[in-house]
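Values below: all heavy atoms of this structure, side chains included; hydrogens, waters and symmetry mates excluded.
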Amino acid sequence: MKPPTDSYTAPDSLAGVRAGIRRCLERAADVAQLDIAAPEVSAWSVQDHLEHLLFSDRSVLDWILNALARPNPVTREESPHEFGVALLARGSIPRGRGPAPDFTLPDGMAPGELQTGFQALRELADGLKPRLAALDMCLHTLPHHVLGHFTPAEWLRFLHLHHRHHEAIIRDILAA
């Protein structure tokens, strides 16, 4: 397996998630861009991608904070699938590979709600900064619907990659 193409530490992943949330806030503030769509690039508009990121980030960050509050198991609860391990190591998510879970599907939020949601996410992510050592050691797992079970540190890595994946799609939509 190829080595990661970028940093794969909890501090680096958190920095990547925080940067992704900051870009989402900037995009959400540009209301004129939210409705832009390019069906040849994606079935979703810019806003749809932002809503998906908001819903998935909120779900995962809430779970991470809850996992850190529980006693840490002695051994890892479950493992990711081989493809999940490879994806985290590769450092990117291929396009068009898996459907989004229902709870992450866009639902037509108002632009103000989108901005408020990302501001709240920024606070959640900032709350993880002093807990990075605990996050790295936490062996609780939460399943990804395609990739298998990830620990909090792996989920943080995934969120970082997920932001980069959707940001690239949004750039392509805006360039089309």
Side-chain angles (χ1 to χ4, degrees), residues 1-25 49-107 114 116-170:
M1 185 179 331
K2 280 177 33 178
T5 57
D6 58 9
S7 299
Y8 190 176
T9 66
D12 292 326
S13 294
L14 181 59
V17 170
R18 292 176 69 233
I21 292 169
R22 185 177 58 252
R23 282 189 301 274
C24 288
L25 265 168
H49 283 277
L50 293 175
E51 286 185 29
H52 169 70
L53 285 168
L54 175 64
F55 299 150
S56 58
D57 281 10
R58 184 170 43 212
S59 174
V60 171
L61 292 176
D62 282 343
W63 175 80
I64 288 173
L65 289 167
N66 285 332
L68 294 176
R70 298 190 325 242
N72 195 19
V74 176
T75 59
R76 183 184 182 115
E77 293 176 336
E78 299 283 341
S79 296
H81 302 310
E82 187 175 327
F83 182 71
V85 172
L87 184 140
L88 293 178
R90 178 178 175 213
S92 65
I93 299 171
R95 288 196 189 177
R97 298 307 254 174
D102 288 345
F103 71 93
T104 69
L105 294 176
D107 69 356
L114 196 55
T116 300
F118 280 113
Q119 289 164 347
L121 274 184
R122 183 175 50 197
E123 291 174 20
L124 279 177
D126 287 349
L128 289 175
K129 283 170 42 178
R131 306 186 74 190
L132 288 172
L135 190 143
D136 260 337
M137 295 183 337
C138 186
L139 299 176
H140 289 293
T141 60
L142 176 72
H144 180 279
H145 67 291
V146 173
L147 305 174
H149 290 71
F150 289 155
T151 64
E154 291 165 338
W155 268 111
L156 203 56
R157 167 72 170 174
F158 176 81
L159 289 182
H160 175 202
L161 301 178
H162 193 228
H163 270 274
R164 291 194 330 203
H165 171 75
H166 283 278
E167 177 61 25
I169 296 170
I170 290 170

Discussion item. Would you say that Val60 contacts Phe150 through its side chain, given a criterion of any heavy-atom pair below 4.5 Å between the two side chains?
Written reply: no
Worksheet item: Partners of His163 by ring-ring contact (aromatic ring centres under 6.0 Å, His included), sequence neighbours excluded?
Response: none
Fill in: Smallest separation among heavy atoms of Leu87 and Pro94, with atom names
CD1-CD, 4.1 Å
Discussion item. Let me confirm one number: the OG1-CG distance from Thr104 to Asp102, rounded to the nearest 0.5 Å.
Written reply: 8.0 Å
Fill in: Heavy-atom check, side chain of Arg122 versus side chain of Arg18, under 4.5 Å
no
Worksheet item: What are the two closest non-hydrogen atoms of Phe83 and Leu147, and how far apart are they?
Response: CD2-CD2, 3.2 Å
Worksheet item: So do the side chains of Arg58 and Asp62 get within less than 4.5 Å of each other, counting heavy atoms only?
Response: yes
Practice prompt. Return the minimal non-hydrogen interatomic distance between His81 and Val146, and the atom names on each side.
Written response: CD2-O, 3.1 Å
Item to complete: Measure across Leu68 and Cys138 and return the closest heavy-atom pair with its distance rounded to 0.1 Å.
Response: CD2-CB, 3.9 Å
Item to complete: Output the distance between atom CG (Leu14) and atom CG (Leu135), rounded to the nearest 0.5 Å.
Response: 8.0 Å
Discussion item. Restricting to non-hydrogen atoms, name the atom on Leu139 and the atom on Pro73 that form the minimum distance, rounded to 0.1 Å.
Written reply: CD1-O, 3.6 Å
Practice prompt. Assess whether atom CG of Asp107 is packed by more than 12 heavy atoms of other residues, nucleotides or ligands within 6.0 Å.
Written response: yes
Worksheet item: Can you tell which of Leu121, Ile170, Leu50, Asp57 makes a side chain to side chain contact (heavy atoms under 4.5 Å, CB included) with Cys24?
Response: Leu50
Worksheet entry | Side chain proximity check, Leu65 to Arg131, heavy atoms < 4.5 angstrom | yes
Discussion item. I'd like to check Leu159 versus Leu61 (side-chain heavy atoms, cut-off strictly below 4.5 Å). Are they in contact?
Written reply: yes
Practice prompt. Before giving the answer on side chain to side chain contact (heavy atoms under 4.5 Å, CB included), spell out for Leu124 and Ile21 the whole-Å C-alpha distance, their side-chain angles and the decisive distance to 0.1 Å.
Written response: CA-CA 11 Å; Leu124 279 177; Ile21 292 169; over 6 Å; no
Worksheet item: Is His145 reaching over with its side chain to a backbone N or O of Pro99, donor-acceptor style, under 3.5 angstrom?
Response: yes
Worksheet item: Which class fits the ring pair His166 and His52: parallel under 30°, tilted 30 to 60°, perpendicular over 60°?
Response: tilted
Discussion item. Do Ile93 and Phe158 have side chains that approach each other closer than 4.5 Å (heavy atoms only, starting at C-beta)?
Written reply: yes
Response to the item:
Rounding to 0.5 Å, atoms CG (Leu53) and CZ (Phe55) come to a distance of 10.5 Å
Practice prompt. Evaluate the criterion side chain to side chain contact (heavy atoms under 4.5 Å, CB included) for residue pair Glu77 and His149; output intermediate values, then yes/no.
Written response: CA-CA 8 Å; Glu77 293 176 336; His149 290 71; over 6 Å; no
Response to the item:
Heavy atoms of Ile64 and Pro152 approach each other most closely as CD1-O, 3.8 Å
Worksheet item: Atom NE2 of His144 and atom NE2 of His162: how far apart are they, to the nearest 0.5 Å?
Response: 7.0 Å
